[in-house]
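Atoms within each ligand, like the ligands themselves, are counted from 1 in listed order. The structure displayed is predicted, hence computed values, not measured ones. Heavy-atom basis, side chains included; hydrogens, waters and symmetry copies ignored.
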Amino acid sequence: MAIPFIDLGIQRERIGAKIEDAVLKVIKHGAYIMGPEVKAFEADMSAFAGAKHTLSCANGTDAIELILLSLGVAKGDAVFVPAFTFVATAEVVPMTGAEPVFCDIQADTYNIDPAKLEAAIQAVQAEGRLKPAAIIAVDLFGQPADYPALSDIAKKYGLHLICDSAQGFGGTIDGRQPLEWCVATATSFYPAKPLGCYGDGGAVVTNDDALMEKMISFRVHGGATPTDAATMNYTHEAKYLNVRIGMNSRLDSIQAAVLIEKLAIFGEEIELRQTVARRYNELLGGKVISVPHVRDGYVSTWAQYTIEHESRDALQAHLRAKGVPSAVYYPIPLHQQPGYAMFTSGTGDLAVSEAKSKTVISLPFSPYLDTATQDEIVAAVLSFENQG
Ligand SMILES: Cc1ncc(COP(=O)(O)O)c(C=O)c1O
C-alpha cells in the first residue's frame with residue numbers, strides 16, 4: 001500500500017463510528033450553523049487551552065485576521081511576522097490596511113528570532129513611516145516560538161503579541177501554553193493539522209473579555225456587541241445593527257461535532273507524536289544534515305517532521321522514486337514571494353529564512369505511524385545518503 005504523507009485513516013478507524021453518530025445527530029437536529037455542537041466545542045477548547053474564551057470560526061486565516069481587526073490594527077501600522085511561514089500569517093495583515101514587516105528566524109527552531117525581531121522594530125521606528133503595532137509569532141512545524149523572550153520585547157515596545165498556532169496548537173513551554181504570554185492564539189482545523197476537522201475550520205483562544213466581544217462582532221458581519229447596543233437606541237435584533245465592517249466566518253455545527261470527538265483524544269495523540277518523532281530522530285540523527293531540534297522544556301505537536309539536506313530536491317526525487325511522499329514547507333520565503341515584494345520595511349537581513357527554504361524537506365508523519373512504515377521511510381532516506 002502507498003505510504004500516505006499524513007495518514008488520517010487510522011484515526012478514523014479508531015473514532016470513526018463516534019464521529020459518524022455525532023454528524024448524523026447534527027443532520028437530524030438541523031441547527032447547521034452555530035448549533036449546540038459549536039458552543040460545546042468552544043467550551044471544550046477553552047478547557048483544553050486553559051483559556052477563558054474560545055471563538056470558533058471558518059478557518060485559521062480568518063482566526064488571525066479576526067484578532068488583528070479586533071485589536072484595531074489598521075492602516076499605518078506595522079505587524080512583524082517571520083519571513084519563513086505559511087503565507088496566511090502575513091496575508092491577513094494587508095487585509096486590515098496594515099503592512100507586514102518580515103523578520104528572520106532562528107536556525108534551530110525555524111521560529112521568529114527575538115534579536116532580529118527587535119532589530120526590525122528599531123528599523124521601522126527609524127524609518128518613521130509605520131507605527132509598530134503587533135507581532136505574530138508562528139509555532140512552525142509544531143514547536144512553540146520563544147514566547148518568554150518575545151513577550152519581553154512586546155512589552156518593551158508596547159506591541160500586541162499574537163500566536164499563530166495553526167501548526168502548534170497544544171504545544172507547551174515548561175508545561176505552559178503560548179496564551180500565557182500572548183493576547184490571543186489562533187489555530188487552524190484544516191484536516192492535515194494536528195487537530196483537524198473534515199473540512200475548513202479555525203479558532204481563537206483568549207483570556208481578554210473586550211477582545212472576545214469585538215471578535216464575536218467581526219465574525220458575523222460586524223453586528224452590535226452588548227456594549228455597542230447599550231449606547232444606542234435600537235430595539236431590533238443586534239445582528240441587524242452593523243457597527244463595524246466584519247466578515248462571515250462561522251464554524252459549521254458538523255465540523256464542531258467532528259472536533260469534539262477529535263479533541264477528546266488530542267492529548268493522547270500529542271504523546272504518540274513524541275514517540276514517532278523520537279524514533280525518527282534516533283534513526284536519522286547524525287546521518288542527514290539535520291534532524292529537528294526541540295528546545296529543552298518545549299513540547300512540539302509535530303505538525304511536520306522536517307529534516308534538512310543540501311541536495312534537497314534530489315533527495316525529494318529519490319524518495320518519490322521509492323514511493324515515499326514528502327513535502328517542502330516552504331520553498332520561497334515570504335519576502336521573495338511576488339505578491340509580497342512591495343513590503344520592504346525592516347532590516348532586510350533574512351539570510352536564515354532564505355537558506356532554510358533551500359534545504360528543508362518534511363517526511364510522512366502521523367501519531368499512528370507504525371514502525372515498519374517508518375523503517376521503510378528511513379531506509380529510503382538513508383539509501384540516498386549511501387549512494388554517495
Ligand atoms: C502557520 C499557518 N498559519 C495559518 C494557516 C491558515 O490556516 P487555514 O488553512 O485554516 O486558513 C496555516 C494553514 O496552513 C498555517 O500553517
Side-chain angles (χ1 to χ4, degrees), residues 5-6 8 41 45 54-69 79-96 100 102-103 105-106 109-112 134-147 150 161-171 178-179 182 184-205 215 218-219 247-252 255-256 258-259 262-263 292 300-306 327-335 337 339-340 353 356-357 360 362 365:
F5 182 63
I6 290 180
L8 298 173
F41 172 63
M45 273 288 279
T54 297
L55 178 103
S56 61
C57 60
N59 55 66
T61 308
D62 285 358
I64 313 169
E65 189 174 339
L66 284 164
I67 299 169
L68 292 177
L69 289 170
V79 178
F80 299 85
V81 300
F84 192 67
T85 174
F86 183 61
V87 67
T89 313
E91 181 183 33
V92 292
V93 177
M95 294 296 167
T96 68
F102 297 114
C103 303
I105 54 164
Q106 295 165 323
T109 65
Y110 308 104
N111 285 331
I112 194 165
I135 304 157
I136 308 177
V138 178
D139 302 337
L140 206 73
F141 305 146
Q143 175 164 202
D146 185 351
Y147 289 103
L150 296 173
L161 178 58
I162 297 163
C163 165
D164 174 354
S165 208
Q167 301 184 14
F169 180 70
L179 189 58
C182 299
T185 296
T187 193
S188 161
F189 304 128
Y190 182 79
K193 295 287 188 253
L195 179 62
C197 56
Y198 287 169
D200 272 314
V204 178
V205 293
M215 290 193 299
F218 276 111
R219 172 175 63 177
M247 57 168 85
N248 174 12
S249 186
R250 300 173 296 223
L251 183 72
D252 292 344
Q255 299 305 341
V258 171
L259 284 162
K262 290 210 182 193
L263 184 60
S300 172
T301 55
W302 297 101
Q304 303 298 336
Y305 183 86
T306 304
V328 173
Y329 302 120
Y330 297 94
I332 306 177
L334 295 186
H335 62 290
Q337 293 285 3
Y340 290 78
S353 300
K356 296 297 180 189
S357 67
V360 288
S362 302
F365 196 93

Asker: Strictly by modelled atom types, are T306 and S362 linked by a side-chain donor-acceptor pair under 3.5 Å?
Answerer: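 The answer is yes; a qualifying pair exists.
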
Asker: For Y330 and F86, take the angle between the two ring planes, folded into 0 to 90°, and tell me which bin it lands in: parallel under 30, tilted 30 to 60, perpendicular over 60.
Answerer: tilted

Asker: Looking only at protein heavy atoms, which one is nearest to atom 15 (C) of ligand 1, and how far off is it?
Answerer: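 Checking every protein heavy atom, the shortest distance to atom 15 (C) of ligand 1 gives A166 CB, 3.5 Å.
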
Asker: Is a side-chain donor or acceptor of D62 paired with a backbone partner of I64 at a separation under 3.5 angstrom?
Answerer: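 It does not hold such a pair.
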
Asker: At a non-hydrogen distance cut-off of under 4.0 Å, which region of V138 contacts ligand 1 (side chain, backbone, both, or neither)?
Answerer: side chain

Asker: Who's the nearest protein heavy-atom neighbour of atom 12 (C) of ligand 1, and how far?
Answerer: F86 CD2, 3.5 Å

Asker: Please name the residue in the list V205, L66, I67 that meets the side-chain contact (heavy atoms from CB on, under 4.5 Å) test with L55.
Answerer: L66

Asker: Among all protein heavy atoms, pick the one closest to atom 16 (O) of ligand 1 and tell me residue, atom and distance.
Answerer: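 Protein heavy atom at minimum distance: Q167 NE2, 2.9 Å.
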
Asker: Give the residue and atom name of whichever protein heavy atom lies nearest to atom 9 (O) of ligand 1, and the separation in Å to one decimal.
Answerer: S188 OG, 4.1 Å

Asker: Quick one about Y147 and D139 (side-chain donor to acceptor, distance below 3.5 Å, no hydrogens or angles considered), yes or no?
Answerer: yes

Asker: Students should be able to answer this: which protein heavy-atom is nearest to atom 14 (O) of ligand 1, and at what distance?
Answerer: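 The protein heavy atom lying closest is K193 NZ, 2.7 Å.
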
Asker: For A88, counting its heavy atoms only, list the atoms of ligand 1 lying under 4.0 Å from any of them.
Answerer: 4 (C), 5 (C), 6 (C)

Asker: Counting both backbone and side chain atoms, is some N or O of G60 under 3.5 Å from an N or O of ligand 1?
Answerer: yes

Asker: Among all protein heavy atoms, pick out the one at the shortest distance from atom 11 (O) of ligand 1; state its residue, atom name and that distance to 0.1 Å.
Answerer: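 Looking only at protein heavy atoms, the one closest to atom 11 (O) of ligand 1 is T61 OG1, 2.5 Å.
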
Asker: Please check if the number of heavy atoms outside F5 that lie under 6.0 Å from its CZ is greater than 12.
Answerer: yes

Asker: Within the distance-only criterion (no hydrogens, no angle test), does the side chain of N111 pair as donor or acceptor with the backbone N or O of Q143 below 3.5 angstrom?
Answerer: yes

Asker: Using a plain distance cutoff, I'd like to know if T85 has any nitrogen or oxygen under 3.5 Å from a nitrogen or oxygen of ligand 1.
Answerer: no

Asker: Does any N or O of ligand 1 fall below 3.5 Å from an N or O anywhere on D200, backbone included?
Answerer: no

Asker: Return yes if some donor-acceptor pair links the side-chain N/O of R219 with the main-chain N/O of A63 below 3.5 Å, else return no.
Answerer: no

Asker: Should the pair F141 and F84 be assigned to parallel (<30°), tilted (30 to 60°) or perpendicular (>60°) ring geometry?
Answerer: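 Because their plane-to-plane angle is over 60°, the rings of F141 and F84 count as perpendicular.
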
Asker: Numbering the atoms of ligand 1 from 1, which are under 4.0 Å from a heavy atom of N59?
Answerer: 10 (O), 11 (O)

Asker: Note the single closest protein heavy atom to atom 1 (C) of ligand 1, along with its residue, its atom name and the distance in Å.
Answerer: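 It is D164 OD2, 3.5 Å.
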
